[in-house]
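For clarity, every value in this text was computed on a predicted model and none was experimentally measured. Every chain is numbered from 1, with letters handed out A, B, ... down the list of sequences.
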Number of protein chains: 2
Amino acid sequence: MRIGELARRADCPVETVRYYEKAGLLPAPRRSGANYRSYAAGHAERLAFILRCRSLDMSLPEIRSLLEAIDRPGADCSGIDALLDEHIGHVSARILELKRLRAELASIRARCAGAKATAECGIVKTLARSRAAPREPSHVAAAHGVARRARKGF
Amino acid sequence: MRIGELARRADCPVETVRYYEKAGLLPAPRRSGANYRSYAAGHAERLAFILRCRSLDMSLPEIRSLLEAIDRPGADCSGIDALLDEHIGHVSARILELKRLRAELASIRARCAGAKATAECGIVKTLARSRAAPREPSHVAAAHGVARRARKGF
DNA sequence: GCTTGACCCTGTAGCCGCTCCAGGGTTTGC
DNA sequence: GCAAACCCTGGAGCGGCTACAGGGTCAAGC
């Protein structure tokens, strides 16, 4: 199976497959004479697993941990449980944060009844006031498994 | 006021101030003889406004729109209202998405009672099954104003 | 006057998870 | 024998910063 067919079966872009190989999530397959990647069924399974985890918003390092655990099939799976619990904790925390955010946005939105001059707009006035608790630097965030950036159609 | 004091007052890193200038959000201040940036009170206000909007998870393009509206103080503010409504919609949609996600994660988590061998772990087995509805490409997402990536401590 | 340290400057590279492109080579079907 | 569809590598780009490197400037203390 060449990369195009693997990608079609997994319903993901070809570039993503190559990216996961470079990122060390998908093992490098053997190559054909023309230097084409040649995949076996195991690769398709592994790719499906990775995509499933991504659809659950896990980060690539988290998925790597899971894959490493799976590659030691005899070992006990408590680390997997813990990883999932932690990930669920991240999701819950993010939900709470967004709810607080939405409440604040709603209260700001309520300050403008519409169609005034910008200079008198209650929204603008409210936004000009000082912000709430400072946010954390983003470089530390990358270690976690729930994305913040929105997707298309969001 | 030099950049260090402006940043201290706004409680944000100096690099961020320079970044906002380069991004066209904060007007370039005049320079001292030694080519140091020299800020006035208006800059501090504007920076505070930007940071407040960021703390509400608005994207830089969204904030730019708001600033442009504010810079036309006579015009009517319906565009501002609409922008806020749209942003609130993004936040709500993301909350819904994360709740669905959390429910799915919880059901996966429930499949493992703990301390089995990885090969028998119900979580691993469930994750190996095919994923739900495919996700949208991320490059389109950047247009929106609610971040997906987590922060430190998240 | 000289040193030390705190501050400032520009420019570049890195983070995540891709996505897209240029510029080439190969395979497949007609 | 040729076009279209596929494949390859390497690099740049997205957002919103952060963190350097490698320099210049300034104020205080000796």
Side-chain angles (χ1 to χ4, degrees), chain A residues 1-8 10 12-26 28-29 31-39 47 50-51 53-64 134-152 154, chain B residues 1-8 10 12-26 28-29 31-39 47 50-51 53-64 134-152 154:
Chain A
M1 185 172 23
R2 293 193 306 197
I3 196 170
E5 196 187 335
L6 180 72
R8 234 182 337 271
C12 85
V14 164
E15 290 88 351
T16 299
V17 177
R18 282 195 283 250
Y19 178 78
Y20 287 160
E21 178 182 327
K22 208 164 58 176
L25 292 176
L26 203 55
R31 299 288 184 128
S32 77
N35 199 29
Y36 285 9
R37 288 172 180 81
S38 177
Y39 294 97
L47 176 57
I50 295 167
L51 291 169
C53 291
R54 283 296 298 139
S55 82
L56 294 167
D57 240 346
M58 294 182 201
S59 68
L60 298 195
E62 280 177 329
I63 299 171
R64 211 179 341 254
R135 323 191 81 194
E136 316 265 9
S138 67
H139 69 284
V140 196
H144 297 303
V146 176
R148 290 191 58 248
R149 265 288 147 212
R151 293 195 175 81
K152 167 187 163 189
F154 169 71
Chain B
M1 186 172 23
R2 294 192 305 195
I3 198 170
E5 197 188 334
L6 180 72
R8 231 177 346 265
C12 83
V14 164
E15 289 88 351
T16 299
V17 177
R18 282 194 283 249
Y19 178 77
Y20 288 159
E21 178 183 327
K22 208 165 57 175
L25 292 177
L26 204 55
R31 299 288 185 127
S32 77
N35 198 30
Y36 287 7
R37 288 172 180 81
S38 178
Y39 294 97
L47 177 56
I50 296 167
L51 291 170
C53 291
R54 283 296 299 137
S55 83
L56 294 168
D57 240 346
M58 295 181 201
S59 68
L60 298 196
E62 280 177 330
I63 299 171
R64 211 179 340 256
R135 324 190 81 194
E136 317 263 8
S138 68
H139 70 283
V140 196
H144 296 303
V146 176
R148 290 190 58 249
R149 265 288 147 214
R151 293 194 176 83
K152 167 187 164 190
F154 168 71

Quickly work out the [X] [atom1] to [N] [atom2] distance and round it to whole Å.
X	N	atom1	atom2	value
A:Arg8	D:dC6	CZ	P	6 Å
A:Leu6	D:dC6	CG	P	15 Å
A:Glu21	C:dC18	CD	P	15 Å
A:Met1	D:dC7	CE	C1'	16 Å
A:Leu26	C:dG17	CG	P	16 Å
A:Lys22	C:dC16	NZ	C1'	13 Å
A:Leu47	C:dC18	CG	C1'	14 Å
A:Arg64	C:dG17	CZ	C1'	12 Å

Among [options], which nucleotide has an atom closest to any side-chain atom of [X]?
X	options	result
A:Ile3	C:dC18, D:dC8, D:dG16	D:dC8
B:Thr16	C:dG17, D:dC17, C:dT19	D:dC17
A:Pro13	C:dT19, C:dC9, C:dC18	C:dT19
A:Asn35	C:dC9, D:dG16, D:dT9	D:dT9

Set of ring-ring contact (aromatic ring centres under 6.0 Å, His included) partners for A:Tyr39, sequence neighbours left out: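 Expected list: A:His43.
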
For a side-chain contact (heavy atoms from CB on, under 4.5 Å) check, start with the C-alpha distance between A:Arg31 and A:Arg37, then their side-chain angles and the critical distance, and finish with the verdict. CA-CA 5 Å; A:Arg31 299 288 184 128; A:Arg37 288 172 180 81; 3.4 Å; yes

Overall bend - the helix from C:dG1-D:dC30 to C:dC30-D:dG1, comparing terminal axes fitted on five pairs, nearest 10 degrees: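 Rounded to the nearest 10 degrees, the bend comes out at 30°.
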
Minimum-distance pair of heavy atoms, taken over all atoms of [X] and [Y]:
X	Y	result
B:Ala23	B:Leu60	CB-CD1, 4.5 Å
A:Leu47	A:Cys12	CD2-SG, 4.3 Å
B:Gly4	B:Val14	CA-CG2, 4.0 Å
A:Ala28	A:Glu21	CB-OE2, 3.6 Å
A:Ser38	A:Pro29	O-CB, 3.4 Å

Look at B:Tyr20 and D:dG16 and indicate whether a side-chain polar atom (N or O) is within less than 4.0 Å of OP1 or OP2.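 No.
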
For a quick test of reading the model: is some side-chain N or O of B:Arg31 closer than 4.0 Å to OP1 or OP2 of C:dT10?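 Answer yes for this pair, as a side-chain N or O of B:Arg31 is under 4.0 Å from OP1 or OP2.
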
Would you tabulate the pairs of protein nitrogen or oxygen atoms and nucleotide nitrogen or oxygen atoms of nucleotides 21-23 of chain D closer than 3.5 angstrom?
none

By nearest heavy atom, map A:Tyr19 and B:Tyr39 onto DNA chain C; which one lands nearer the 5' end?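 Residue closer to the 5' terminus by nearest nucleotide: B:Tyr39.
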
Run the salt bridge (Lys or Arg N to Asp or Glu O under 4.0 Å) test against B:Glu5 and tell me which residues pass, sequence neighbours left out.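 For B:Glu5 the salt bridge (Lys or Arg N to Asp or Glu O under 4.0 Å) partners, ignoring immediate neighbours, are B:Arg9.
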
Taking the side chain as every heavy atom from C-beta outward, state whether [X] and [Y] have any atom pair closer than 4.5 Å.
X	Y	value
A:Cys53	A:Leu56	no
A:Leu26	A:Arg18	no
A:Tyr20	A:Ile63	no

Can you give one letter per nucleotide of nucleotides 21-30 of chain C, 5' to 3': B if a protein heavy atom sits under 4.0 Å from the base, S if only from the sugar-phosphate, - if neither? ----BBS---

Counterpart residues, side-chain contact (heavy atoms from CB on, under 4.5 Å), relative to A:Ser32 (two or more places apart):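 Here the qualifying residues are A:Ala34, A:Tyr36.
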
